[in-house]
Amino acid sequence: MDRFAYIYRGNLSNLGFWMVRISNFSVFLFSLTIVHLFTIYLCDLYKNEGHMVRIPVRLYVCEIIFLFAVLMLLISQLNGFYYYFDENNLYHRSSPGYLLSYLFPFTILLLQFTVIIQYKNKIPKGIRIPLLLFFILPALATIMQFFFYGLSLQNIAMVGEVVILHISSLIDINRTVENANNMKLNFLKEEQKNMRIMFDQTATALANAIDAKDVYTHGHSMRVAEYSRKIAIQAQKDEKFCTEVYYAGLLHDIGKIGIPVSIINKTGKLSDEEFAEIKKHPVIGKQILSSISKSPYLSIGANYHHERYDGRGYPEGLKGDDIPEIARIIAVADSYDAMTSKRSYRDPIPQQKVHEEIVKGMGTQFDPAFAKIMLHLIDLDTEYEMKEHEEVKELSGKSEQHYEEFLSEKSEGILINNCITKIKLHFKSDEGFADETHIPSLIIFDSLDARIHMTEIQQKEMLYTEFARIRFDGNTSYNNIRKIKIDSLENSISQSSFILSEYKDGIDCTIEAVKIKDHIQIKISNEIKTSVITLALPDSSHFAYMALTGEHCTISNVELRKSKETAGENYITRIAEEISFIKDAPTGDIPNVQIDGWRTATTEAISLTDNMEIDFHTQSLPTARLIWHCPFISLYYSDDKKINGTNFREFVLIRIDGENWESYDYARNTIQISKNDAFEGWDSWKAKNKAGMDCHVELKKIGNQIIVVTENDGIFIKSTTTLLEMPPEIYVSLTGDQCAITNIKIKKW
């Protein structure tokens, strides 16, 4: 209409007469209409977005002004109060009516502006600025309109603001929709999380109810679930499968709910009828869990976890891969925990012996692939964490223990290694026993199951060796060590009466323990005294544990911390010469290496060529007692040539007893193992390894394949490694467990 007003301006035709009048009237009317619609928009905004029950009165006033302004516009068409047309059909402003025509929309905009300012918090943030500009820009345009005759700046500004406001509203709507979707998504995620928590808590409660029936299997279901998940992770299963196998493991024994307690907790041997009852628990478990149709894996785990790989299991006698994969995993984890837990008829079996039992069961009781993973987890568990713990696990938290006679109660062993172990606790002597002897003590020892054993039979079976008994006042008795050094510092008044008073009232104490090779340092500090005891062990390959005990005293508020950083080799000042089994042995092309524990040392890196032979002499250490206390061959890559170095990738680890471990991420491996006539049994093999034997290894690289062949006292091994991606270089290193490797000769061509 603004355009038509200028096109027909001065046009004396009949069409020009009407077009000039209609278009100019429309321009004035549309200006009022825009601010009127903006008032309606604000009312809607405050009602729906701002949730205001009562619309501000000023907006109603705006509507009254709008109606009056429209009436005045109509009247002006009759009397020319706002504008008029001359005989040439030309538009002219009237004075002072023309100013009044702008005053109405300006007043409405001003009232709207005050409402926007006052109730800005009721408006979405995304459109606050466009709303404020809706007053400011037209107001400025109105002022300019007086100086730029012929341009409808006010209308242009208003229309521009409507466009800006429309776009801003669309953006705000999109943002609101997105926020709503995000809220819905977050709500659904939270609901899923709550459902998972509820499912986890329900499953855990059921598992605890199962374990509560058997006084000898407390925590069994939880441990089986954890071990099953670890096996699945190592087998490169996806997250969904790992979660499913965890819960299937957690509820695998739920069928025991239907077995009489008298049978479950019977201390003697079960009769045939009683064993037949026990064998019903998988089927009962399946019946209980089959109603959970959304999670069929639960009933599968319960029903098939006692099937054997050779088909001699129950309840259905399935064989090999016919047994569901989840059940094959749980079977290994279940057997491992059963062996490493206390039972009515026996103590826990040491982890090393459990290892041998799993080896015996590969391909018969267990799926070989999952049994192999379980063996690898045992190798990685150097601190023997995968076991049933005593009631006071690792002495952490607000635990409390009371001791009557010496060694009547004792904690489980805490491994001492090259990471500093710190224990804080509070102790006090019993009423009537406040003297220097009735205080806590530390027992420093080694055994296969990390527990103190008192009977001669148990000590022999568990290879129990006690090194020292250290009382908290620094008084120490020792055995089976080469040398001891005790340094004490009095921290306060050392009068006997004061000390006894402290023991009676209670005293805080801190213990720090660290083992560097064959030396142990124990530091016991309290406000009375600080004692530092240094022990030189018989060798570096012994493990060392410390356990808390005492006599007529109570310990409480026990906190255990182990540093993440290892102490340096010079952390303990040596008091005895290091025991070395390689110092006087002949040296070959690279230095000899003594490996005191599982992969604690390794030879220099040897760059692999297309054809290579390695000869060396090996001898297991005096503490070695197991088949896998022997050399290992590692094929790997790292930027600095070191095992566990920068960008380390191990492709295969081959033990000369026939076991291997390969990387699923970097390579595919096949291994052939056979025993020839020279093999006289494992006892003979271990004896020859302890006496010392020569080993020969052949390595051949063909493209991305590496073939390793070795034969040692009747054990023939051929390993074929196919690399998924060729590294810049491939290295070979010799490592092992509790063995000395000497006179290493390398031949390349």
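We count residues from 1, following the sequence as given. A quick note: this is a predicted structure, and the numbers were derived from the prediction, not measured.
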Results of side chain to side chain donor-acceptor pair (under 3.5 Å) for [X] - residues two or more places apart only:
{"X": "Tyr637", "answer": "Asp639"}
{"X": "Asn89", "answer": "Arg21"}
{"X": "Arg599", "answer": "Glu650"}

Check whether more than 12 heavy atoms from other residues, nucleotides or ligands sit under 6.0 Å from atom CD1 of Ile129, and answer yes or no. no
When you look at CE of Met726, are more than 12 heavy atoms from neighbouring residues, nucleotides or ligands closer to it than 6.0 Å? yes
In terms of side-chain geometry, is the basic nitrogen of Glu226 or Arg229 positioned less than 4.0 Å from the acidic oxygen of its partner? yes
Closest heavy-atom pair and its distance - [X], [Y]:
{"X": "Ala667", "Y": "Thr721", "result": "CB-CG2, 3.8 Å"}
{"X": "Asn417", "Y": "Lys562", "result": "OD1-NZ, 3.7 Å"}
{"X": "Gly249", "Y": "Ile330", "result": "N-CD1, 3.6 Å"}
{"X": "Leu251", "Y": "Ala302", "result": "O-CB, 4.2 Å"}
{"X": "Val245", "Y": "Ser228", "result": "CG1-O, 3.7 Å"}
{"X": "Cys62", "Y": "Thr39", "result": "CB-OG1, 3.8 Å"}

Is any side-chain heavy atom of [Y] closer than 4.5 Å to one of [X]?
{"X": "Arg668", "Y": "Leu724", "result": "yes"}
{"X": "Phe104", "Y": "Val70", "result": "no"}
{"X": "Tyr227", "Y": "Met222", "result": "no"}
{"X": "Val332", "Y": "Ile373", "result": "no"}
{"X": "Leu185", "Y": "Asn181", "result": "no"}
{"X": "Arg328", "Y": "Asp321", "result": "yes"}
{"X": "Tyr247", "Y": "Tyr297", "result": "yes"}
{"X": "Ile75", "Y": "Phe81", "result": "no"}

Excluding sequence neighbours, so at least two apart, what forms side chain to side chain contact (heavy atoms under 4.5 Å, CB included) with Asp640? Ser638, Lys642, Thr646
Rounded at 0.5 Å granularity, tell me how far [atom1] in [X] sits from [atom2] in [Y].
{"X": "Phe38", "Y": "Cys43", "atom1": "CZ", "atom2": "SG", "answer": "10.5 Å"}
{"X": "Glu559", "Y": "Leu425", "atom1": "CD", "atom2": "CG", "answer": "9.5 Å"}
{"X": "Cys509", "Y": "Glu527", "atom1": "SG", "atom2": "CD", "answer": "10.0 Å"}
{"X": "Tyr41", "Y": "Tyr46", "atom1": "OH", "atom2": "OH", "answer": "10.0 Å"}
{"X": "Leu377", "Y": "Gln234", "atom1": "CG", "atom2": "CD", "answer": "5.5 Å"}
{"X": "Ile329", "Y": "His305", "atom1": "CD1", "atom2": "NE2", "answer": "14.5 Å"}

Is there a side chain to side chain contact (heavy atoms under 4.5 Å, CB included) between His220 and Asp334 once you walk through the steps? CA-CA 8 Å; His220 167 72; Asp334 186 34; 2.9 Å; yes
Any donor-acceptor pair under 3.5 Å linking the side chain of [X] with the backbone of [Y]?
{"X": "Ser563", "Y": "Ile420", "value": "yes"}
{"X": "Asn186", "Y": "Asn182", "value": "yes"}
{"X": "Asn669", "Y": "Phe651", "value": "yes"}
{"X": "Ser293", "Y": "Ser290", "value": "no"}
{"X": "Asn24", "Y": "Val20", "value": "yes"}
{"X": "His252", "Y": "Ala248", "value": "no"}

Side chain to side chain contact (heavy atoms under 4.5 Å, CB included) evaluation trace for His36 with Glu63: CA-CA 7 Å; His36 160 65; Glu63 289 296 87; 2.9 Å; yes
Give every residue pair that meets the salt bridge (charged side-chain N to carboxylate O under 4.0 Å, His left out) criterion with at least one member in residues 235-249, sequence neighbours excluded. Lys237-Glu325, Lys240-Glu244
When you compare the side chains of Asn557 and His426, does any donor N or O come within less than 3.5 Å of an acceptor on the partner? no
Gln77 side chain to Tyr83 side chain, donor-acceptor N/O pair below 3.5 angstrom: yes
List the residues meeting ring-ring contact (aromatic ring centres under 6.0 Å, His included) with Phe25, not counting sequence neighbours, and say none if there are none. none
Start with the C-alpha distance between Leu298 and Ile254, add both sets of side-chain angles, then the distance that settles side chain to side chain contact (heavy atoms under 4.5 Å, CB included), and finish with yes or no. CA-CA 10 Å; Leu298 296 175; Ile254 195 171; over 6 Å; no
Apply side chain to side chain contact (heavy atoms under 4.5 Å, CB included) to Ile40 and Asp44, showing your working. CA-CA 6 Å; Ile40 296 174; Asp44 180 76; 5.6 Å; no
Taking the six-membered ring for Trp, are Tyr636 and Phe648 parallel (under 30°), tilted (30 to 60°) or perpendicular (over 60°)? tilted
How are the rings of Tyr91 and Phe28 set to each other: parallel, tilted or perpendicular (split at 30° and 60°)? tilted
